[in-house]
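Everything on this sheet refers to the single structure shown next.
Chain identifiers are assigned alphabetically (A, B, ...) following the order of the sequence lines, protein sequences preceding nucleic acid strands; residue numbering begins at 1 within each chain.
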Amino acid sequence: MSQPEPITPGSFDPAAMLAQARRGHIVALGLRYIAHGEDWCEGALDYDRRLVSDPASGILASGPIVSLMDTLAAMSVWIKRGVRSPQATLDLRVDYLRPAKPGATVFGRAECYRLTRRIAFVRGVAHDGDESDPVAHVAGTFMLTDQG
Amino acid sequence: MTKKVRLLPYADFLGVRIDGIADVDGGAPLLAMPFSEGLIGGPGRLHGGAIAGLLEIAAIAAIDATLEDEGQNARAIFKPITATVDFMRPGLLVDSYARAEVIRVGNRIANVAVEAWQDDPERPIAAARINIAISAPAANEG
């Protein structure tokens with residue numbers, strides 16, 4: 001059985017991770033860091049016409065919102081563990097409550113609410129300006145692949 | 001006659017294209033997402049959100065293929081309601097494929113099962129169940 005690696009609380013910095021990213025999906029989408037706490041992370045996805053589901057309505061496709069929330073959820077686990085350890089998304093359930101308003105930035109907040117030796121449980125909400133009127137709810141799990 | 005299936009603008013962003021139409025399974029399109037740098041998540045892995053995006057595009061394309069073609073200006077509007085995605089294997093930095101199976105398509109709701117794979121269709125990297133609302137073009141928006 002492997003020993004858990006030593007964890008320095010707060011040593012994972014989601015702002016630095018996003019700022020240092022030079023390529024990849026989060027850069028292509030233009031995901032932005034907003035804030036984080038001890039087990040949560042907030043970020044934003046600015047409106048981009050390339051990401052719409054239908055040119056006529058200009059409504060954002062749901063995929064980019066999944067990418068935003070998956071990214072924030074992963075970061076909430078690293079924040080809670082204090083280290084960017086290897087992990088894999090096991091599953092993700094998304095409820096689309098309503099379409100995001102065309103032109104609006106989508107904000108997301110994800111929280112790691114339970115951590116076991118092998119699994120992290122996450123939940124999150126996305127909104128387009130008014131937290132009390134969300135566009136999506138997500139719930140998911142990550143497998144912590146550094147654990148025995 | 002095979003219906004012309006149109007993909008979302010977001011599909012272009014991911015580089016997703018139609019790779020063929022199955023003669024079986026109700027003509028569900030086979031979609032390909034060639035590897036590109038903008039799909040990378042962690043080191044050596046595709047981003048889970050990009051894979052989920054491919055699954056949703058495949059689900060919508062499969063429903064679109066089942067609907068009667070009503071002309072250029074009458075495209076139905078598809079709104080995902082719920083999506084449950086299971087990630088079974090890491091997405092490697094190679095081309096990915098997806099095809100959906102429409103479980104049921106009603107007047108308002110379609111239930112779809114969809115899988116994505118890379119080298120071997122028998123070894124999916126991800127699968128999803130997606131429920132999608134279908135609304136008529138123009139009217140009924142909201």
**Asked** With a 4.5 Å limit on heavy-atom distance, are the side chains of Pro99(A) and Lys79(B) in contact?
**Response** yes
**Message:** With clusters defined by side-chain heavy atoms of hydrophobic residues (ILVMFWY) lying less than 4.5 Å apart, directly or transitively, does Val83(A) cluster with Met143(A)?
**Reply:** no
**Message:** With a 4.5 Å cut-off on side-chain heavy-atom distances among I, L, V, M, F, W and Y, is there a chain of contacts connecting Tyr47(A) to Leu72(A)?
**Reply:** yes
**Request:** State the OG1-CG distance between Thr82(B) and Leu97(A), to the nearest 0.5 angstrom.
**Result:** 11.0 Å
**Asked** For chain A, which residues from residues 84-92 of chain B have at least one heavy atom closer than 4.5 Å to it?
**Response** Thr84(B), Val85(B), Asp86(B), Phe87(B)
**Request:** Measure the CG-CG distance between Leu60(A) and Leu8(B) for me, rounded to the nearest 0.5 Å.
**Result:** 11.0 Å
**Message:** Show the nearest heavy-atom pair for residues Ala50(B) and Ser67(A), with the distance to one decimal.
**Reply:** N-OG, 3.8 Å
For residues 107-115 of chain B, please give each side-chain donor-acceptor pair under 3.5 Å, one per line with the distance, not counting sequence neighbours.
{"from": "Asn111(B)", "atom 1": "ND2", "to": "Asn131(B)", "atom 2": "OD1", "distance (Å)": "2.8"}

**Request:** Check whether any side-chain heavy atom of Asp70(A) lies under 4.5 Å from a side-chain heavy atom of His47(B), and answer yes or no.
**Result:** yes
**Asked** Quick one: do Val125(A) and Trp40(A) end up in the same hydrophobic cluster if we chain Ile, Leu, Val, Met, Phe, Trp and Tyr together by side-chain heavy atoms under 4.5 Å apart?
**Response** no
**Within-4.5 Å side-chain heavy-atom neighbours: Pro64(A) and Tyr10(B)** = yes
**Message:** With a 4.5 angstrom heavy-atom cut-off, is it the side chain or the backbone of Val27(A) that approaches chain B, or both, or neither?
**Reply:** neither
**Prompt:** Between Ala83(B) and chain A, which part of the residue has a heavy atom less than 4.5 Å away: side chain, backbone, both or neither?
**Reply:** both
**Request:** Give the cluster check for Tyr33(A) versus Leu31(A): same hydrophobic cluster or not, with ILVMFWY residues linked at side-chain heavy-atom distances below 4.5 Å.
**Result:** yes
**Message:** Tell me if the CG atom of Asp46(A) is crowded by more than 12 foreign heavy atoms within 6.0 Å.
**Reply:** yes
**Prompt:** Can you tell me how far the OG atom of Ser62(A) sits from the CD1 atom of Ile57(B), to the nearest 0.5 Å?
**Reply:** 8.5 Å
**Item:** Inter-residue atom distance Leu51(A).CG - Asp12(B).CG, 0.5 Å rounding
**Value:** 11.0 Å
**Message:** Taking side chain as everything from C-beta outward and backbone as N, CA, C, O, which of these in Ala88(A) sits under 4.5 Å from a heavy atom of chain B? Side chain, backbone, both or neither.
**Reply:** neither
**Fill in**
Bottom line for Arg98(A): the part with an atom under 4.5 Å from chain B's heavy atoms is neither
**Complete:** Assert top hit (heavy-atom pairs under 4.5 Å, partner chain B, pool Val66(A), Thr89(A), Leu68(A), Thr141(A)) equals Thr89(A)
**Asked** Do Ile60(B) and Leu7(B) share a hydrophobic cluster, counting only Ile, Leu, Val, Met, Phe, Trp and Tyr and linking them when any side-chain heavy atoms are less than 4.5 Å apart?
**Response** yes
**Message:** Is it the case that the side chain of His25(A) and the backbone of Gly38(B) share a donor-acceptor pair, with hydrogens and angles ignored and the cut-off at 3.5 Å?
**Reply:** yes
**Message:** For the CD1 atom of Ile77(B) and the OG atom of Ser53(A), what is their distance to the nearest 0.5 Å?
**Reply:** 8.5 Å
**Request:** Using non-hydrogen atoms and a 4.5 Å limit, figure out which bit of Glu37(B) sits close to chain A: side chain, backbone, both or neither.
**Result:** both
**Item:** Where Pro9(B) and Asp54(A) come nearest, the two heavy atoms and their spacing
**Value:** CD-N, 4.2 Å
**Asked** Tell me, do Phe13(B) and Leu29(A) make a side-chain contact under 4.5 Å, heavy atoms counted?
**Response** yes
**Item:** Most chain B-contacting option - heavy-atom pairs closer than 4.5 Å, from Ile65(A), Thr71(A), Ile26(A), Val138(A)
**Value:** Thr71(A)
